[in-house]
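Read through the structure below, which is laid out as structure tokens, and then see the notes.
We name chains A, B, ... by the order of the sequence lines, and we start the count at 1 in each one.
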Amino acid sequence: MTTYKIVKKLDDKYNASEIEKRCIDFWEKDKTYQFDKTALRENTYVVDTPPPTVSGSLHIGHIMSYTQTDVTVRYQRMKGKSIFYPIGWDDNGLPTERRVQNYFNITCNPDLAYDPNFHPIHNPKGDEKRREVSRKNFIEACEVLTKEDEKAFEDVFRRIGYSYDWSLKYTTISPESIRISQESFLDLAEKGMVYSAESPTMWDVTLQSAVAQAEIEDRKIDGFFHEIRFEVEGESDYLKIATTRPEFLPACIAVVAHPNDVRYQKYFGKKAIVPLFDIPVPIIPSEHAEMDKGTGIMMVCTFGDAADVGFWRGSGLPIKQILGMDGRILKSEDERYPYESLNSEKATLYYKQITGLKVKDARIKIVDLLRESGDLLSNPIAIEHPVKFYEKGTLPLEFITNRQWFIKILDYKKELIEAGQKIKWFPEYMQKRYETWVEGLNQEWCISRQRFFGVPFPIWYKLDKKGEINYKEPIFARKEQLPVDPMSDVPNGYTEDMRGCPDGFIGEKDIMDTWATSSVTPQIALAHAPKGHHLSLPFDVRPQAHDIIRTWAFYTIMKALANEGKIPWKEAHISGFVLDPERKKMSKSKGNVMTPMPLLEEYSSDAVRYWGARAKLGIDLIFKKEVMDQGKKLTIKLFNAARFVYTMVQNAGLEKTIDYRKNITHPLDKSWISKLKETVESSVKAFEINDSSFALEITEKCFWDFCDNYLEIVKGRAYVKEGNSAVSCLMWSIDTFCKLFAPFLPFITEEIYQTRPWGIEEKSIHKMLFPSSAEYEDFSEDISLYEKTVSLVEMVRKKKAEEKHSLRTPVVALTISGNQKTLELLKKAIKDIENVLNVKENSIVFEPHSEELFITNCVLGENEKNLTNN
RNA sequence: GGGCGUGUAGCUCAGGUGGUUAGAGCGUUACGUUGACAUCGUAAAGGUCAGAGGUUCGAGUCCUCUUACGCCCACCA
């Protein structure tokens, strides 16, 4: 067995960093947290740990939620369960990609061949042009950089004592993870749930990639209503059409009004003329238009917003694409306005003035032109309106038509909601959030991204005789081929020299949405488990924060359901955020993030864990250092209380026998054990409903009661030879508190447990069984003796405080009033009471006159200070 | 517009099946240290439990409404 340390004795002074070092070393050598694959499933607790994104650093929000999970896991371990608690690093995705580009001054060109001689070097200056490298080289560069971050993350997680089995560590960009992600995709392809299509896609022009519904957010931005004059063919009057996006005039395909709108009914079937460009477009009745909004009549362009896309889908009208992938107005090949116009010359003249401009500039230009031509009916009206953004983007999303891969989800809403109902959510109301999200889904999951650092699609396309791509019949990789990179691997039946040639093939350049990989974390974790394990879905728990219910939780449920027909986990534990003192979410851009390492140094790991563990699941927490102070104080108090009790145990010559608890015979001690029993019972109850913060709260309360009252009251008895009952009771209490606190404060409790005065080697406390109230049953007695004694002590203390005397001031005369029963009870602890109050032996008078317990006469003697002063 | 959550001491938060006088930490004030602990102890002050109504012998807790704040979703001419 691994030795905890050579000198098995508590230090004289509490030293957090020494204790932390000893414990980390001990747990490592002892393999305390190793997963035991031989345990039965019902004796195993399986966790789908969130792999943190390794770009930048961990912040205090991680610490709160990861601590809450570790506490739960440690409790389960102390229930005797084998724990499958892996840790992974999410190094796959955009944040890493951006960071790597800047750090090495490189950029990825997936068309390039792999260069085995390329080694990335730190080059932040970026004086020279960014070097283009192949996708494989780029991924290698990502791995170089993420390794450093992962080291720093691991240091923090080890230091704070998260009980991962580090041998289960995975990364989301590893070949194994890529394999699993691709396999999941191929499985869905077989099931007919994936397809590629060319259609209007939400497009981030800065990122130059498609994004999915889950990654977009609304932001209120300033804009203008422009009221524009549209003439009607064959009519003398004109239409007044309001739009926020006049730059899309040349892409206008129709004008629509509500079918019941009497103002416009007479125009239906006629054509409106788009100003400047003289484009005749049909005036169509459509429910898309609302009578009471604006002028009640609107123009439809391809595409100004999601409503335009919706209308276009049902209209059968052709798309007029004027916006390029770079967010600029397209130049047509012959530099003419490329669509139908009554006056092509004029249309071209105007169109030329906006080609190549960014949408915002094009808008300004068009407004100027409308003003000049007299088609702007009023000055633009300033408004604030919600616009869709990519959550990490800076410019509004555009709808641009291109080819993307999708996973069908809209047909499965019912099943997805039912799966959500089978999962127990903590707190419960988080299930509602999941349901709201699923109900509100209106797009299939677009999983292709025009990026580089991620999981490639296991797909190639055939080229025909002319070298044109056949998208209709993609070549899927075979499962035994995985993982594949279609840009360097070759599909079955082809050779590398056929790549890009007529009658040959070409690889799919795009990569998958990072969530396509994150959504299979349970499967990835299992792939990293020791051979011969018997685990499968569902896991026991998924801990995560509430902001990613619509992404991580949703996609994981969706994949588990589609791939395996199962729910991924039985429970979801949803944590909140840490807010700064102004109640703002901590974020890098606001500069208000706190990193954990300095706090661990300042307060100790146990104290920081205390802070995280006190927060309730799901609640957003305002960061308060004072709570860490409280944790630090508690830790030191535990240390000192244990040190004192251990000295008593040594003095009493108490031996470790199974039966030392049998020494506990004194009524007051047994009464205290009742109190302890109650706390154990409530603590277990709280843990069982995943309310560990409550368990901590009541344990702490009981512990301070122990220190302030019980320990003080029996101190005198513990010093004398016949004090074995008290000493045994103190010892058992310390043992109990250590176990109750162990999930929260793993370091100090291990230190105290390992330095027990028996001198016998012990297993880690974290492998011991959590206390159960039944163990205390036989040693407990009516709790009221303890409670009455404490209230009596408090009364006398208060009297001494009121008279500004020291607590050691002798009491010359004391009369206690109360009912007969109470007084008889108190007499059982008379020696302890005399001692703690410093009353002369046999001088307490009992008066059985009143119902309530109180002191009718309390005369204090002179204390030493007063004597010297006089 | 729909939904969810929150409102308790100066601050940050607990208050479980409704049950004495509503709790903790920090902060404030007073006192205290010779035998675990000054990274300390004992005590005090501090509350119309957001507001109104209802159920009940009894409501911080249950119901209805109002109000303030936060979040999620939707709308986006």
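- Taking the six-membered ring for Trp, A/F639 and A/Y646 have ring centres at least 6.0 Å apart.
- The phosphate of B/C26 has OP1 or OP2 within less than 4.0 Å of a side-chain N or O from A/K633.
- Side-chain N/O atoms of A/K616 include none lying less than 4.0 angstrom from OP1 or OP2 on B/A14.
- We find that CG of A/D292 is positioned 12 Å from P of B/A77, with the value rounded to whole Å.
- Taking only distance into account, the side chain of A/D620 never meets the base of B/C71 through a donor-acceptor pair shorter than 3.5 Å.
- Taking 4.0 angstrom as the limit, A/R550 places a side-chain polar atom (N or O) nearer than this to OP1 or OP2 of B/C73.
- Atom CD in A/E439 sits about 13 Å away from atom P in B/C73, given to the nearest Å.
- Phosphate contact (OP1/OP2 of B/U42, side-chain N/O of A/R808, threshold under 4.0 Å): absent.
- Taking the charged nitrogens against the carboxylate oxygens, A/K13 and A/D11 have no contact shorter than 4.0 Å, which rules out a salt bridge.
- Between B/C76 and A/K220, no contact under 4.0 Å exists linking OP1 or OP2 to a side-chain N or O.
- The aromatic rings of A/F706 and A/F737 sit tilted, their planes meeting at an angle between 30° and 60°.
- Residue A/Y719 places at least one side-chain N or O closer than 4.0 Å to OP1 or OP2 of B/A36.
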